[in-house]
Amino acid sequence: MISKKIIYFFIIFLFQVNFINSSEVKIVTKVNSEILTNIDIENESKYLLILNTNLKSLNKNELYELSKNSLIRQIIKKEEVVKYFALGKHSKLGEELLKKNYTALGFENKEKYSNFLKNEGFSIEILKEKLLIDRLWNSLIYEKFKNKIKIDETEIKNRVKTFINNQEKVYEYNLSEILFDLNTDYKQLIDFIDNYGFEAAASKYSISDTSMNGGKIGWVKNNNLADKLKKQISNLSEGQISEPIEIPNGNLLIKLNQKRELENKVDLDLEIKKQINFEQNRQLNSFSLNFYKKLKQNSIINEY
C-alpha cells in the first residue's frame, strides 16, 4: 500500500514538472525544418548584447524581434553552408576565429573568455560555431561568385596616380552604416536613431552583414570611396549622419565616427593593391546580400 502511494505521488510530481517546463518553453518560429523556441531567442539576445552593448537601450519587444531575425538569418546561412562544408572538419579554424575574437576583446585566454560568457549565460561552443558559420559563408560566397567580380585595374591605377599627382590630402574615416531596403519607413528609422542611437538602429534595420556589430565598417581612406560617398562624407562632422544615399541594394546611411589626416605619402603599388581588394570586398558583400535574400525568399518561415 505504501509503495503504491509513493509511485502515485512520484507520477504526479513528474507530471507537474513536465507541465511547468512545457509552459516555459514555447515554439516561436519554424525555419524550414528548424524549430526556434523562446529559449533560443533568449540565448540569442544574450549573444547580441555581448557583441553590442548599445542594444541594452532597446525595450524588451525590440530586442526580442532583433534576436529572432538574427537567428533566422543564422539558420538560413548555416543550412546553405553545411551543403558544402563539414563543420566538424573545420574545428581548427573555429578555434583560430575564437582566439581572434577574445584577443580583440582583451581576454588573455580561452578559459577566461569562457568564464565570462558563462556568467553572461552564453556558451563558448555556440559562439565558436557562429563565428565559423560566418567565415565559411564568406568562403562560399567567394567561391560561388568570384568569376562574376569585375574590377577595372587600369581605372584603379589611373585613379591612384591622379590622386598622388594632385597631392590631395589623405583622410581616413571611421564609419558605420545602415543599409535599409525601400520598404523601410524612413521617418520611423530616424525616430529610432534619435531614441536609441545609430548602433541599435543598425542592428534592427540594416540588411547588411555589418548589422551584427552595430553597423561598424571601421577605418576607410577617402580615396577608397566612390565619388558619391566621398562627397557626402567629406561634408560631415564627427558624429553626424549622412542623408540617404541610393545604391543598388537599397538606401544607405553613413555615420562619421572619427576623422584623421594621414601623412601624404602613398606607396603606389600598395595603394593599388588595397583599392583592388576594397572593390572586390564591396562586390562580394553585394553578392552575399542578394544571395541571402534569394535563400530567404525560398525558405518556409512559419510564425507561431
Side-chain angles (χ1 to χ4, degrees), residues 20-32 34-79 81-82 87 91 93-138 176 178 192-193 195-216 292 296 301 303-304:
I20 290 169
N21 288 337
S22 65
S23 67
E24 290 176 345
V25 181
K26 297 175 183 176
I27 296 174
V28 174
T29 306
K30 187 179 180 185
V31 184
N32 297 326
E34 187 82 16
I35 290 173
L36 290 181
T37 70
N38 56 320
I39 303 300
D40 295 322
I41 293 174
E42 229 176 83
N43 288 331
E44 187 68 7
S45 296
K46 293 171 184 175
Y47 168 65
L48 294 177
L49 287 169
I50 291 168
L51 278 184
N52 185 1
T53 55
N54 292 295
L55 297 180
K56 290 179 180 178
S57 61
L58 297 182
N59 63 43
K60 189 176 180 181
N61 290 334
E62 295 284 0
L63 184 58
Y64 178 88
E65 286 300 316
L66 174 62
S67 303
K68 182 176 72 173
N69 291 331
S70 175
L71 271 177
I72 289 172
R73 181 166 55 239
Q74 185 81 5
I75 288 169
I76 292 171
K77 284 186 174 183
K78 181 179 179 180
E79 285 184 350
V81 162
V82 296
L87 297 185
S91 57
L93 175 59
E95 287 295 328
E96 289 172 1
L97 294 170
L98 188 62
K99 184 176 181 180
K100 185 177 178 181
N101 178 261
Y102 69 68
T103 302
L105 292 173
F107 288 89
E108 294 177 15
N109 53 51
K110 181 180 176 180
E111 185 181 0
K112 289 187 177 181
Y113 191 41
S114 180
N115 290 335
F116 164 75
L117 292 174
K118 195 178 294 182
N119 291 334
E120 296 294 323
F122 198 74
S123 163
I124 196 168
E125 291 304 315
I126 293 175
L127 174 59
K128 184 169 72 173
E129 183 180 275
K130 284 177 175 290
L131 295 172
L132 183 58
I133 289 169
D134 283 342
R135 172 59 67 86
L136 293 178
W137 168 267
N138 290 339
S176 295
I178 297 176
F192 193 92
I193 292 172
N195 290 327
Y196 299 106
F198 191 90
E199 289 74 18
S203 297
K204 176 177 170 58
Y205 287 98
S206 184
I207 57 176
S208 169
D209 286 343
T210 58
S211 65
M212 293 299 292
N213 61 351
K216 293 176 184 175
Y292 171 74
K296 188 176 181 182
I301 302 175
E303 304 278 348
Y304 296 98

- Query: Would you say Asn109's side chain and Glu111's backbone share a donor-acceptor pair under 3.5 angstrom?
  - Reply: yes

- d(Phe122 CZ, Ile124 CD1) to nearest 0.5 Å is 10.0 Å

- Closest non-hydrogen atoms of Leu132 and Gly94, given as atom of the first, atom of the second and distance, are CD1-N, 4.0 Å

- Heavy-atom closest pair (Gln74 atom, Asp134 atom, distance to 0.1 Å) is OE1-OD1, 4.1 Å

- Taking the side chain as C-beta and beyond, is there a heavy-atom pair between Tyr102 and Phe116 under 4.5 Å? no

- Message: How close do Leu71 and Asp40 get, counting heavy atoms only, and between which atoms?
- Response: CD1-O, 3.5 Å

- N/O donor-acceptor pair under 3.5 Å between Asn119 side chain and Asn115 backbone: yes

- Message: To the nearest 0.5 Å, what is the distance between CG on Leu48 and CG on Asn213?
- Response: 11.0 Å

- Item | Check: Leu127 and Ile50 side chains under 4.5 Å, non-hydrogen atoms | no

- Can you name the closest pair of heavy atoms from Ala200 and Ser57 and give their distance? CB-OG, 4.2 Å

- Does Ile27 CD1 have over 12 foreign heavy atoms under 6.0 Å away? no

- Drop me the distance from Leu55's CG to Glu62's CD, to the nearest 0.5 angstrom. 10.5 Å

- Check whether any side-chain heavy atom of Glu120 sits under 4.5 Å from a side-chain heavy atom of Leu117, and report yes or no. no

- Which atom pair, heavy atoms only, marks the closest approach of Glu129 to Leu87? OE1-CD1, 4.2 Å

- Message: Quick test of your reading of the model: are Glu95 and Lys110 salt-bridged, counting only N-O distances below 4.0 Å?
- Response: yes

- Message: If you apply the rule side-chain contact (heavy atoms from CB on, under 4.5 Å), what do you find for Lys296 with Ile301, and how did you get there?
- Response: CA-CA 9 Å; Lys296 188 176 181 182; Ile301 302 175; 4.2 Å; yes

- Would you call Lys68 and Glu303 a salt bridge, using N to O less than 4.0 angstrom? yes

- Message: So which atom in Asn38 and which in Val28 form the shortest heavy-atom distance, rounded to 0.1 Å?
- Response: N-CG2, 3.5 Å

- Task: Flag the pair Leu98 / Leu131 as yes when at least one side-chain heavy-atom distance between them is below 4.5 Å, and no otherwise.
- Result: yes

- Would you check if Asn52 and Ser203 make a side-chain contact, meaning some heavy-atom pair closer than 4.5 Å? yes

- Query: Going by an N to O cut-off under 4.0 Å, is there a salt bridge joining Lys77 and Asp209?
  - Reply: yes

- Query: Do any pairs count as a ring-ring contact (aromatic ring centres under 6.0 Å, His included) and have a residue in residues 57-78, sequence neighbours left out, and if so which ones?
  - Reply: none

- Query: Is there a side-chain contact between Asn59 and Tyr196 (heavy atoms, below 4.5 Å)?
  - Reply: yes

- Item | Interatomic spacing from NZ in Lys118 to OH in Tyr113 - rounded to 0.5 Å | 14.5 Å

- Does a donor on one side chain sit under 3.5 Å from an acceptor on the other, for Ser208 and Ser206? no

- Message: Using salt bridge (Lys or Arg N to Asp or Glu O under 4.0 Å), reason through Lys130 and Glu44 one step at a time and then give a plain yes or no.
- Response: CA-CA 11 Å; Lys130 284 177 175 290; Glu44 187 68 7; 2.7 Å; yes

- Item | Working for side-chain contact (heavy atoms from CB on, under 4.5 Å), residues Ile72 and Leu36 | CA-CA 9 Å; Ile72 289 172; Leu36 290 181; 4.2 Å; yes

- Does atom CZ of Arg73 have more than 12 heavy-atom neighbours from other groups under 6.0 Å away? yes

- Lys99/Glu96 salt bridge by N-O under 4.0 Å criterion: no

- Message: Looking only at side-chain N and O atoms, does Ser45 offer a donor or acceptor that is under 3.5 Å from a partner on Ser67?
- Response: yes

- Item | Student check: side-chain heavy atoms of Tyr292 and Ile76 closer than 4.5 Å | yes

- Atom NZ of Lys56 and atom CG of Leu63: how far apart are they, to the nearest 0.5 Å? 11.5 Å

- Task: Would you indicate whether the side-chain heavy atoms of Ile41 and Thr37 approach each other to under 4.5 Å?
- Result: no

- Item | Distance in Å, Lys128 NZ paired with Ser123 OG, rounded so as to fall on 0.5 Å steps | 9.5 Å

- Task: Apply salt bridge (Lys or Arg N to Asp or Glu O under 4.0 Å) to Lys216 and list each qualifying residue two or more places apart in sequence or on a separate chain.
- Result: none

